[in-house]
There are 2 protein chains.
Amino acid sequence: MTFPALNVFPPNALSTGVDGRDEDASVHDQVYEALANLLIQGQIPPGKSVSLRTLASGLGVSPMPVREAVRRLIAQKALELQPSNKRLRVPSLSEDRLKQLMMARQWVEPELAFRAVAAMTKDTIAELKADDQRLMAALGKGDVDGYMQANHAFHFRIYRLAQADLFLDMAKTLWLQSGPFMRVVFGRLGTVQLPQDHHQELIRAFETGDAAAVRQHMSDDVHEGMELMLEALKR
Amino acid sequence: MTFPALNVFPPNALSTGVDGRDEDASVHDQVYEALANLLIQGQIPPGKSVSLRTLASGLGVSPMPVREAVRRLIAQKALELQPSNKRLRVPSLSEDRLKQLMMARQWVEPELAFRAVAAMTKDTIAELKADDQRLMAALGKGDVDGYMQANHAFHFRIYRLAQADLFLDMAKTLWLQSGPFMRVVFGRLGTVQLPQDHHQELIRAFETGDAAAVRQHMSDDVHEGMELMLEALKR
DNA sequence: TTCCCTAATTTGTGATCACATTTTCGAGGC
DNA sequence: GCCTCGAAAATGTGATCACAAATTAGGGAA
C-alpha cells in the first residue's frame, strides 16, 4: 500500500481545546474538516472503503458526529455508499466523470482567480510565493504529499480572496472529488514529471493586476493538471 | 402567510410500502427527497425556520433520519444553521449570492441541455410538451405552485437525459438554492407577468436536433428567469 | 396596558442501544 | 493445498436518552 495507513490520525486530528482555534466548533464540523483534508490531499485512495466506527475510534469520538460529517461528504460526492453493500468508500472516477470535473474546474477556478485580483495584497502575494516555494521544495525531494498540500494551499489562498462563497464551495467540492485520484496519478508519475504549473506567471499577473492574464493562467494551470489525470486514466 | 402550512405534509409524503416505488430506499433518503421537493418548489419561504423534531413528527419518523437528510441539505446550502442560534432555517439570498447562482445556472444548464440533444426521443419530446401544457395551464389559472412544479419537471426531464451526473447534481443544488426565493418573487409578480419562457423554441430545437439552438434557448430561458429575481431583489 | 423576570418548552448535539445484513475468518472435509 | 460452510465480528440504519443553550410563555409589578 502506497498510502499512509488510514487508521493513524495525527495525535490532534481534532483540535482539542486550548491550542486548537476551533474549540467552539461542533464535533462533527471538526470531523468533517479532518476527513475533508485527508480526501482533498489524496490521503485516502479511490476505492478504499472506510467505516463509521473505525473513523470514530480513530478520532476518539462516538460514531454519531462521524455520521453527520460523512453524510455531508456523501452529498459532495467525496464519499459514496456502494449500492450493493450500502458500505462506505472513496469513489473512483470514470473517464466521463473526470471530464466533467475538468470542465467544471476550468469554469469556476479561473472565475475565482479573476475575482481575487481586486482583493490581492502584498502580504497575500508573499504568502503565495511561500506556498510556491514549499511546492518546489516538495518537488525537489520527491515528496508527493507535500506537493499536494502546497498546491492546495496556493490555490485556495487565491480563491478565498474572491469573496464568492458559492463559487468557493463549488471549487471545494470539485477538489474533494478529484483529490484522491490526483494523488494516485501524481504518485505514479513521480514528482519529476509533475505539471509545469503556471504559478509563477499567476503571481506575476497578480502583481501587475492583470486580471485577464490571471484568468488565463489559472485556466492553463487547471487544464494541464487535469489533462495529466485524463491521460493516466485512459491508460 | 402566503405559503402552505409547513407542518401539513401530504398523507404519504414518504412512500409507504406497496404503492410507493422506493420502498427499499432508506428512510433518510425518502425524507431527503420530500424536503428537497418542498424546497425546490419553494414551498418553504426563505428565512423560515424549521426544526428537526417538527419535521420528524410531521413525517412520522424519528428525528434521526431527518438529521441525516438535513445535514445533506445543509451541505447543498439548501438549509443553513444560523451562526448565532445554531438553529435551522431556509437561507435568504443576498444580491451577490443570487448573481453567482445565476452565473452558475447559466453555465451548467445550457451545457446539460446541449448534451441532452443526442439522447432526445419522440417520447420525451411528447412528455416535454405535456409539461409545457401543464405550465401554461397553471399560468392561466394563476397557479404559481403549479407553474413552479411544471417548470421544474420540464427542465429536469431534459437534464436527466444528458447523462452527466456531476452536472446534474450541480443543477439540482442550484435549484435547491434558488427555489424558495423564486417562489416568493413569482408569487409577488403574479402569473400574469411571469417569464416569457423559451420552452416552445427549446422543444422545436430538440425536434430538429439543433444542438446550438438548444444551448442558446436554454441560456436565454435561465437568464430571463434569474433576471426577474435579480430585479425583484434590488427593489 | 406595558415591562420584566422566571419557569417551562423547544432546540441541536452527542452517546448509546438494537437490529438486520454483510463480511470476515477459521475449522473441517475433500 | 484448496474449497466449503458456519460462527463471530463488523457495518449502516434507526430509535431513544441526556444535556446545555436558547426561545417562548406567563404571571406579577409598575
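In the text below, chain A, chain B and the rest are named by the order of the sequence lines, each starting its count at 1.
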Grab the [atom1]-[atom2] distance between [X] and [N] for me, whole Å please.
X     : N      : atom1 : atom2 : value
B:D29 : D:dG14 : CG    : C1'   : 13 Å
B:R53 : D:dC19 : CZ    : C1'   : 11 Å
A:Y32 : C:dT13 : OH    : P     : 16 Å
B:Q30 : D:dT13 : CD    : C1'   : 13 Å
A:H28 : C:dG14 : NE2   : P     : 6 Å
B:R67 : D:dG14 : CZ    : P     : 13 Å
B:L55 : C:dT10 : CG    : P     : 15 Å

For D:dT13, take OP1 and OP2 only and decide whether either is under 4.0 Å from a side-chain N or O of B:S62.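 So the side chain of B:S62 is outside the cut-off, no N or O lying under 4.0 Å from OP1 or OP2 of D:dT13.
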Taking only the side-chain nitrogens and oxygens of A:T54, find out if one of them lies under 4.0 Å from OP1 or OP2 of D:dA10.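 For D:dA10, neither OP1 nor OP2 has a side-chain N or O of A:T54 closer than 4.0 Å.
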Expected output is a numbered-order residue list: members of residues 77-87 of chain A with a heavy atom under 4.0 Å from any atom of DNA chain D. What is it?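 Of all residues in residues 77-87 of chain A, the ones placing a heavy atom under 4.0 Å from DNA chain D are A:L81, A:K86, A:R87.
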Which heavy atom in A:I44 sits nearest to a heavy atom in A:P180, and how many Å separate them?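 Shortest heavy-atom contact: O-CB, 3.4 Å.
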Kindly give the heavy-atom pair with the smallest separation between A:A78 and A:P91, and that separation in Å.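 Reported closest heavy-atom pair: O-CD, 3.4 Å.
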Quick check for you: among C:dT11, C:dG14, D:dT16, whose closest atom lies nearest to any side-chain atom of A:S26?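 Closest nucleotide to the A:S26 side chain: C:dG14.
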Are any of the side-chain nitrogens in [X] or [Y] under 4.0 Å away from the carboxylate oxygens of its partner?
X      : Y      : result
B:D29  : B:R72  : yes
B:D96  : B:K99  : no
A:R183 : A:D145 : yes

If you find the nucleotide of DNA chain C closest to B:M64 and the one closest to B:L52, which residue's nucleotide is nearer the 5' end?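 Final value for this comparison: B:L52.
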Residue whose nearest DNA chain C nucleotide is more 5′ - A:E68 or B:S51: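 The residue closer to the strand's 5' end, by nearest nucleotide, is B:S51.
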What's B:R71 touching, base or sugar-phosphate or nothing? Going by heavy atoms closer than 4.0 Å.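 Contact class for B:R71: sugar-phosphate only.
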Roughly how far, to the nearest 0.5 Å, is CE of B:M229 from CG of B:L93?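 It comes to 6.0 Å.
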Result of checking B:Y159, B:W107, B:F114 against B:F167 for ring-ring contact (aromatic ring centres under 6.0 Å, His included):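 Running ring-ring contact (aromatic ring centres under 6.0 Å, His included) over B:Y159, B:W107, B:F114 with B:F167 returns exactly one hit, B:W107.
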